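In what follows, a structure is listed as structure tokens, so that the remarks can point back to it.
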Amino acid sequence: MKETIDGHARSVRSQIPLLTRELCGRPLVFLDNASTTPKPRSVIDAVVNYYERSTANVHRGVHSLGEEATRLFDDARREVAALIGASPGEVVLVRGTTEAINFVANGLELGPEDEVVFPASEHHANWIPWRVHGKPVPVPIDEDGVPRWETIEKLITSKTKLVSIGHVSNVTGAIAPVEEVVRIAKARGVPVLLDAAQSLSHLPLDVAKLGVDFLAASSHKAFGPSGVGILWSRKEFLAKCPLYQVGGGMISLNNDIDVGGFVPRDAPFKFEAGTPAIEATIGFGAAVKWMRAIGMDAIRQHDLAMSKYLFEGLSDIPGVRILAKKLPYEQRIALATFVVDAPAMTQESVARALCDMFGVCVSAGFHCTHVLHARAHLPGTVRASPHVYNTTEEIDVLLEGVREIAS
Ligand code: PLP
């Protein structure tokens with residue numbers, strides 16, 4: 001197990017500059033990848049190269065720099081589309097997962113009685129839009145925050161306009177049974193949205209195989225820059241989806257004779273009004289290239305071995321409650337959310353101590369899932385989320401820290 005984890009990790013960690021720094025006099029142990037990932041050198045270089053050599057607007061400039069910037073930008077969209085088995089024309093560039101889900105919420109033009117079915121454990125990005133658009137119908141979850149998927153069939157009615165699920169929970173790391181959910185929803189003619197914020201960098205993805213209708217994801221959780229993400233959908237939806245913002249760059253024709261008459265460009269450009277996040281998108285393309293060079297299957301193998309190492313290690317520590325501990329490794333990614341029973345310490349102060357005393361970065365609090373924490377009767381949790389570059393030695397540092405704090 002150690003060999004699988006460390007073999008993968010060693011071959012990639014030297015490519016990530018952040019990992020060479022120290023924190024509080026100790027080597028940095030970054031275990032907060034579910035929040036955001038550190039950036040490989042090739043991503044940083046792609047962004048800097050755009051600034052230093054190709055700064056220009058895209059799809060506008062007739063000069064060489066404009067052409068260069070446009071080529072880099074368009075290549076990035078192609079790269080991201082290929083990662084999920086999609087065609088570039090079906091990939092709308094947005095600010096991130098949050099904007100992508102809001103895009104769909106707006107695009108479906110839901111009325112107050114139109115129901116959206118989603119697990120109660122979802123991140124607020126896949127909860128709050130359904131409070132604002134349509135009517136939320138949460139799928140019940142157990143005391144550990146795992147959806148009771150067997151109940152979903154009954155919740156889908158003639159009023160259901162969408163089923164929206166997180167591919168991987170940002171709290172339990174549980175992988176949703178997407179094929180089964182798609183089968184149930186499709187039998188009722190209901191489209192499915194997949195929030196791939198946590199899965200894009202962990203699991204091989206293919207939109208055709210998954211059978212979903214929408215996929216939302218963020219670059220910054222997949223080794224790319226923040227400020228860009230994707231909404232994937234089929235051409236048919238994009239052709240009829242209403243515009244939610246308008247302006248420059250998305251117009252094919254505007255004349256001053258016919259008031260209100262303008263012709264938008266085809267999708268995806270008609271949804272991308274204004275100057276896009278050019279350098280972030282170019283960096284996103286580089287990040288996808290970087291992940292594909294490692295191989296999504298290799299990343300998954302590291303993940304499986306890492307899950308086992310992390311969960312076995314944490315389970316051995318008295319006074320630690322791990323959420324969804326019993327889920328089989330095949331049904332989760334390497335992400336552990338837990339509570340350390342340490343007198344007079346909040347989970348936030350546990351995380352702070354891990355940083356100050358051991359150089360370990362983890363998340364603490366509610367992780368944008370208030371409902372999940374309420375159902376689990378927890379005022380906060382600690383989340384350790386390793387990725388392909390983390391070693392067993394780093395997990396040992398986390399375990400040493402948790403053991404010391406818990407005792
Ligand atoms: N969905 C899930 C499962 C997430 O974990 C997150 C971020 O943590 C989001 C959505 C929102 O992503 P972003 O903040 O990049 O829009």
Side-chain angles (χ1 to χ4, degrees), residues 30-39 80 84 92-106 116 118-132 136 138-139 141 145-147 162-176 178 181 192-203 205 210 212 214-232 244 277 280-281 283-284 287-288 303 323-324 332-337 351 361-373 380-387:
F30 193 83
L31 296 174
D32 198 15
N33 293 279
S35 284
T36 202
T37 47
K39 315 307 170 200
V80 178
I84 58 168
V92 182
L93 293 167
V94 291
R95 278 195 300 134
T97 309
T98 303
E99 184 169 304
I101 298 175
N102 277 276
F103 178 107
V104 176
N106 181 71
V116 178
F118 60 93
S121 50
E122 289 297 293
H123 188 281
H124 289 158
N126 191 25
W127 230 116
I128 309 303
W130 318 123
R131 285 208 182 277
V132 175
V139 177
I141 55 178
V146 179
L162 181 72
V163 172
S164 190
I165 58 171
H167 196 181
V168 169
S169 162
N170 64 310
V171 180
T172 61
I175 301 172
V178 182
V181 172
V192 177
L193 184 156
L194 193 67
D195 170 351
Q198 295 294 342
S199 60
L200 189 74
S201 69
H202 281 272
L203 302 175
L205 295 184
L210 287 164
V212 296
F214 309 102
L215 183 141
S218 303
S219 152
H220 72 97
K221 292 183 197 288
F223 300 99
S226 47
V228 66
I230 54 163
L231 179 271
W232 168 83
Y244 76 118
T281 305
F284 190 12
V288 171
D303 220 66
L323 290 189
R332 63 160 76 251
I333 65 160
L335 181 159
T337 292
C361 292
V362 290
S363 275
F366 295 106
H367 322 292
C368 296
T369 56
H370 287 173
V371 174
L372 185 154
H373 280 78
T381 48
V382 178
R383 179 182 68 190
S385 51
H387 217 312

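Residue numbers run from 1 in the order of the sequence given. Everything numeric in this text was worked out from a predicted model, so none of it was measured. Counting starts at 1 for both ligands and their atoms, following the listed order.
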If you define the side chain from C-beta out and look only at heavy atoms, does anything of [X] sit under 4.5 Å from [Y]?
| X | Y | value |
| --- | --- | --- |
| Phe284 | Ile230 | yes |
| Thr172 | Arg332 | no |
| Leu162 | Trp130 | yes |
| His373 | Thr381 | yes |
| Ser199 | Ile175 | no |

- [ ] Give the minimum heavy-atom separation between Asn102 and Thr98, together with the two atoms involved.
- [x]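 Smallest interatomic distance, heavy atoms only, reads ND2-O, 2.8 Å.
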- [ ] Would you mind finding which of His220, Gln198, His124, His367 brings a heavy atom closest to atom 5 (O) of ligand 1?
- [x]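 Nearest option to atom 5 (O) of ligand 1, by heavy atoms: Gln198.
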Of all the atoms in ligand 1, which lie at a distance below 4.0 Å from a heavy atom belonging to [X]?
| X | answer |
| --- | --- |
| Asn170 | 5 (O) |
| Ser218 | 12 (O), 13 (P), 15 (O), 16 (O) |
| Ala125 | 10 (C), 11 (C) |

Task: 4.0 Å heavy-atom contact, Lys221 with ligand 1 - done: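 The answer is yes: ligand 1 sits under 4.0 Å from a heavy atom of Lys221.
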- [ ] Would you check whether Glu99 has a nitrogen or oxygen atom less than 3.5 angstrom from a nitrogen or oxygen atom of ligand 1?
- [x]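 It does not: no N or O of Glu99 is found under 3.5 Å from an N or O of ligand 1.
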Task: Nearest non-hydrogen protein atom, atom 4 (C) of ligand 1 - done: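 Scanning the protein heavy atoms, the shortest distance from atom 4 (C) of ligand 1 goes to His123 CD2, 3.3 Å.
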TODO: Just need the protein heavy atom nearest to atom 10 (C) of ligand 1, so name the residue and atom and give the distance.
DONE: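 I find the closest protein heavy atom is Asp195 OD2, 3.4 Å.
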Task: Aromatic ring proximity, centroids under 6.0 angstrom, His202 and His387 - done: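 His387 vs His202: aromatic centres under 6.0 Å.
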Open item on the list: I need the contact type for Thr98 against ligand 1. Using non-hydrogen atoms and a strict under-4.0 Å cut-off, is it side chain, backbone, both or neither?
Closed with: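 Under 4.0 Å from ligand 1, Thr98 contributes backbone and side-chain atoms.
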Task: Residue part near ligand 1, for Glu122, under 4.0 Å between non-hydrogen atoms - done: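 Neither part.
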